[in-house]
Amino acid sequence: MRRTDLFCETLRQSPSDAELAGHQLLLRGGYIQPLAAGIYSLLPLGQRMRQKVEQILREEMDAIGGQEISMPVLHPAELWQETGRWQKIGPELMRLKDRAERDMVLAMTHEEVVTDLLRRQVRSYRQLPVMLYQIQTKLRDEPRARGGLIRVREFTMKDAYSCHATVEDLDAYYPRVYQAYFNVFRRAGIEVTAVESDVGMMGGTMAHEFMFLSEIGEDQLVMCDSCGYSANRQIALFVKGEPEPEEPKALEEVATPNTPTIATLARLLEIPESRTAKAAFFMAGDRLIFAVIRGDMEVNETKLANAVGTLELRPARPEDLQAAGIVAGYASPIGVEGVTVVVDELVARSPNLVAGANRPGYHLLNTNVGRDYEADIVTDIAAAYEGAGCVRCGNPVRMVRGIEVGNTFKLGTEYSHALGATCLDENGEAQDIIMASYGIGVGRLIGSIAQECRDEKGLIWPVTIAPYHVYLVGLDLDDEAVRSAAETLYAQLQAQGLEVLYDDRKERAGVKFNDADLLGIPLRLTISRRALAAGAAELKLRTEPESRKAPLEEAAAQARNEVARLREEILARVRPEELAVR
RNA sequence: CGGGGCGUAGCGCAGCCCGGCAGCGCGCACGGUUCGGGACCGUGAGGUCGGAGGUUCAAAUCCUCUCGCCCCGACCA
């Protein structure tokens with residue numbers, strides 16, 4: 001491709017509404033163009049990268065028996081009503097009506113449709129297993145799109161669905177997808193960390209997230225350097241330690257003016273925060289959830305939501321508390337009616353905690369679960385924190401941030417049961433089909449790589465996904481001899497099977513070099529009067545500061561070898577991976 | 001949805017308080033000089049000042065409403 005023909009305008013300054021470095025570079029390099037918040041066009045360079053990533057995805061999915069299909073983006077609402085997600089999922093699901101006023105859905109994922117396919121097509125266990133995948137547009141009305149391609153409202157996702165006659169078959173297959181996922185990310189040039197995760201709106205029994213570790217990530221991960229335990233903070237378990245055993249003492253009210261927080265309370269009473277019980281309030285629909293946790297810990301909302309069996313948990317507002325007669329800052333479940341009390345298991349086994357007296361300015365000493373109040377649910381609802389004890393080995397864990405670039409879910413029979421997708425087993429009995437779903441966000445992956453693979457001059461793409469292999473800089477092109485040598489080299493490079501972007505513009509050297517760096521093409525070749533005088537082209541890796549001379553007649557072959565070497569370097573990272581489990 | 005910020009030429013910004021000709025840099029077009037890491041000189045094109053309403057002799061500027069974009073939080077895969 002000649003630069004004079006390429007639809008690509010590079011910017012010297014990045015648009016002011018771009019925050020992340022990777023996003024800025026994608027904009028400056030002319031890879032993407034925003035249309036609205038979280039909605040982007042891919043320009044030719046961006047589209048080429050998407051195709052590179054998609055090709056890797058196809059190869060890896062095909063290698064584990066995947067068959068590519070294409071499912072609609074527009075769905076009738078009935079299908080989503082059948083699985084209950086029409087009701088369960090909030091405004092994130094895009095809904096619309098067609099001209100006949102029928103409710104429709106813009107797909108955010110495709111479990112419903114693929115399960116509908118199964119119930120129409122599959123009758124016997126002999127037709128299973130089957131792995132179907134597609135690379136398709138997804139729509140999610142994110143409350144807050146941000147970070148360029150990292151978090152968008154419309155995006156391309158590779159989603160795959162495996163369907164099995166037995167749980168054992170799924171269990172045997174799942175690790176193959178897991179391995180294929182690692183292969184995909186490594187071939188695309190990045191390392192990810194797989195962690196066990198919450199099943200969230202997908203439902204099901206086991207899930208992994210493939211996290212690209214990055215400071216800009218929005219997910220928090222718990223990692224143990226000692227034993228390798230890793231989990232999303234949403235579900236991370238940890239060791240809470242044993243409270244000192246103590247005989248229950250008599251309840252006692254004390255005046256504690258102006259101590260609405262645990263910190264002020266502990267200071268006033270001169271006790272550690274761990275000797276207090278903290279109340280936190282959430283709404284599950286119109287049900288008020290009264291969560292009780294030890295004063296030195298935080299509530300993990302995902303654990304709490306799972307405990308009460310809801311997808312929609314939101315912090316309670318002052319008016320919610322007022323309606324229930326709860327005094328914020330001085331609340332405890334003692335004597336409070338009409339709410340769901342969820343007590344962290346650590347609180348349940350900690351004697352004599354200080355808790356609110358349910359009137360302003362007073363607390364109760366020596367509260368004990370079971371004696372002073374009853375819990376509707378006792379379970380683990382505490383959030384892991386930096387330095388908490390690892391659940392597996394007890395050593396302190398570390399909190400890191402990550403971007404979820406892929407996920408895998410064992411769905412079980414959640415969808416097949418709801419939609420009646422069954423097959424007959426060996427005994428001629430109808431069984432719900434066992435399913436799993438697997439996603440990888442293509443744009444998010446590219447955005448993550450852009451954020452990671454760059455320097456102060458611009459992007460530095462892994463050769464496996466770079467839009468072009470070689471950036472051919474032609475200088476002094478008004479000199480006929482140089483121009484003809486450049487044209488010849490351009491043709492030779494292509495004849496070597498290389499993808500070449502040939503900068504034949506009437507620009508000064510600095511402009512072309514800077515553009516080459518900005519665009520992040522792995523290999524740069526320069527041909528100029530000076531180079532020609534030496535009978536050579538100059539060859540430079542994007543990652544190296546200096547160029548070297550390559551005799552003209554060898555230049556194309558050397559370039560091919562360099563690209564092959566870069567590719568092998570990346571592919572050498574592909575290796576077997578053990579399933580991460582708790 | 002809560003808090004904060006910003007909408008002026010393709011991009012980056014000034015002008016707004018204190019109302020009075022719509023500006024600067026980059027980019028773009030043309031001419032010339034340059035020519036190996038974002039050159040220089042000259043000429044030029046390009047703007048319903050996000051939109052609507054109001055105040056005023058007069059609004060980019062003041063007031064009201066509204067739309068959009070960004071950041072933090074809430075939420076979410």
Side-chain angles (χ1 to χ4, degrees), chain A residues 9-20 23-24 27-28 30 33-39 85 88-93 108-109 111 138-148 150-153 155 157 159 197-204 207-211 216-219 232 234 282-283 301-302 305 310-318 402-409 437-441 444 456-458 473-479 482 503 505-518 524 526-534 538 540 545-547:
Chain A
E9 295 303 316
T10 54
L11 298 173
R12 199 177 291 205
Q13 288 170 300
S14 62
S16 61
D17 49 7
E19 188 83 354
L20 303 179
H23 182 211
Q24 291 180 346
L27 288 168
R28 282 187 53 208
Q33 177 70 52
L35 178 65
I39 305 179
R85 290 210 288 187
K88 262 193 284 187
I89 299 178
E92 193 180 350
L93 178 63
M108 59 193 298
T109 171
E111 281 77 16
K138 300 278 185 284
L139 295 121
R140 295 183 189 178
D141 198 356
E142 288 287 343
R144 187 179 156 209
R146 62 189 125 179
I150 305 290
R151 191 175 189 80
V152 292
R153 296 196 290 172
F155 57 100
M157 184 179 200
D159 49 323
S197 65
D198 182 52
V199 295
M201 69 163 191
M202 306 296 279
H208 284 91
E209 293 172 326
F210 294 76
M211 309 296 300
I216 65 162
E218 298 183 283
D219 286 88
N232 194 306
Q234 291 176 333
F282 300 86
M283 298 299 291
E301 286 188 38
T302 304
T310 183
L311 281 176
E312 297 266 358
L313 199 66
R314 63 168 175 83
R317 290 184 293 248
I403 302 168
E404 182 190 351
V405 289
N407 55 34
T408 55
F409 293 92
S437 83
Y438 317 93
I440 288 180
R444 181 178 279 191
E456 62 287 346
K457 287 175 173 301
V473 175
L475 302 179
D476 310 316
L477 291 179
D478 45 356
D479 182 327
V482 180
D503 197 340
R505 293 176 303 172
K506 238 182 128 52
E507 289 287 353
R508 296 163 60 85
V511 172
K512 297 189 180 190
F513 290 146
N514 278 307
D515 256 12
D517 288 342
L518 173 62
R524 189 183 84 191
T526 305
I527 194 130
S528 65
R529 202 176 279 131
R530 182 201 291 179
L532 202 56
E538 288 159 31
K540 179 183 167 302
E546 299 299 329
S547 66

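Each chain gets a letter, A, B and so on, in the order its sequence line appears, and its residues count up from 1.
- Among the protein residues, A:Glu538 comes within range of the nucleic acid bases, having at least one heavy atom under 4.0 Å from a base atom.
- Residue A:Asp476 places its side chain closer to B:C35 than to any other of B:C76, B:C70, B:C35.
- Taking for each of A:Lys457 and A:Val405 the nucleotide of RNA chain B with the nearest heavy atom, the 5'-most of the two is the partner of A:Lys457.
- A donor-acceptor pair is defined here as one N or O able to donate and one able to accept, closer than 3.5 Å; such a pair exists between the side chain of A:Arg444 and the backbone of A:Ile150.
- Here, B:G27 and B:A39 have their P atoms 8 Å apart, quoted to the whole Å.
- Among the atoms of the strands shown, only primed sugar atoms or phosphate atoms (P, OP1, OP2) are found under 4.0 Å from some heavy atom of A:Pro15.
- The gap from the P atom of B:G10 to that of B:C28 amounts to 15 Å, rounded to the nearest Å.
- Using a 4.0 Å heavy-atom cutoff across all strands shown, A:Ala531 reaches at least one base atom of the nucleic acid.
- Smallest separation of non-hydrogen atoms from A:Val482 and A:Leu475: CG1-O, 3.2 Å.
- You'll find that the side chain of A:Glu19 is closest to B:C71, out of B:C75, B:C71, B:C28.
- When the C1' atom is used for both B:A52 and B:G44, the distance is 35 Å, rounded to whole Å.
- Under the Watson-Crick and G-U wobble criteria, each requiring two contacts below 3.5 Å, nucleotide B:C17 is left unpaired.
- When atom types are taken as modelled, the side chain of A:Asn407 and the backbone of A:Gly439 share a donor-acceptor pair closer than 3.5 angstrom.
- Closest contact between the side chain of A:Pro143 and the listed nucleotides B:C69, B:C75, B:C35 involves B:C75.
- Distance from the side chain of A:Ala37 is smallest for B:C70 among the nucleotides B:G37, B:C70, B:C35.
- In this structure, A:Arg151 reaches the bases: a heavy-atom distance under 4.0 Å links it to at least one base atom across the strands shown.
- A donor-acceptor contact shorter than 3.5 Å links the side chain of A:Asp476 to the backbone of A:Arg529.
- Residue A:Asn514 has its side chain nearest to B:G38 when only B:G38, B:C76, B:C35 are considered.
- For A:Glu218, the CD atom is densely surrounded, since the number of other residues' heavy atoms within 6.0 Å is greater than 12.
- Remark: the backbone N or O of A:Glu142 is not paired with any side-chain donor or acceptor of A:Arg153 at under 3.5 angstrom.
- If you check B:G38, B:U34, B:C69 against the side chain of A:Asp515, the one that comes closest is B:G38.
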Got a list of protein N/O to nucleotides 24-26 of chain B N/O distances below 3.5 Å?
residue	atom	partner	partner atom	Å
B:G25	N2	A:Gln13	OE1	3.1

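- Across all strands, A:Arg524 comes closer than 4.0 Å to base atoms (heavy-atom distances).
- Separating the C1' atom of B:U8 from that of B:A14 is a span of 10 Å, rounded to the nearest Å.
- Counting any heavy atom pair closer than 4.0 Å across all strands shown, A:Glu209 reaches a base atom.
- Checking side-chain atoms of A:Glu92 against main-chain N and O of A:Arg140 turns up no donor-acceptor pair under 3.5 Å.
- With B:C69, B:G38, B:C11 as the candidates, the nucleotide lying closest to the side chain of A:Leu11 is B:C11.
- With the nearest nucleotide of RNA chain B identified for both A:Gly38 and A:Gly510, A:Gly510 has the one nearer the 5' end.
- Among the nucleotides B:C69, B:A74, B:C11, the one closest to any side-chain atom of A:Arg144 is B:A74.
- Nucleotides B:U34 and B:C70 have their C1' atoms positioned 41 Å apart, rounded to a whole Å.
- Contact annotation: side chain of A:Arg28 to base of B:G27, donor-acceptor pair absent below 3.5 Å.
- For B:A29, the paired base is B:U43 (Watson-Crick or G-U wobble, both distances below 3.5 Å).
- Nucleotides B:G19 and B:C63 place their P atoms 12 Å apart, quoted to the nearest Å.
- For B:G20 and B:A60, the P atoms lie 9 Å apart once the distance is rounded to whole Å.
- If you take atom C1' in B:U64 and the same atom in B:G38, they sit 46 Å apart, rounded to whole Å.
- Using modelled atom types, no side-chain atom of A:Lys512 and backbone atom of A:Thr526 make a donor-acceptor pair closer than 3.5 Å.
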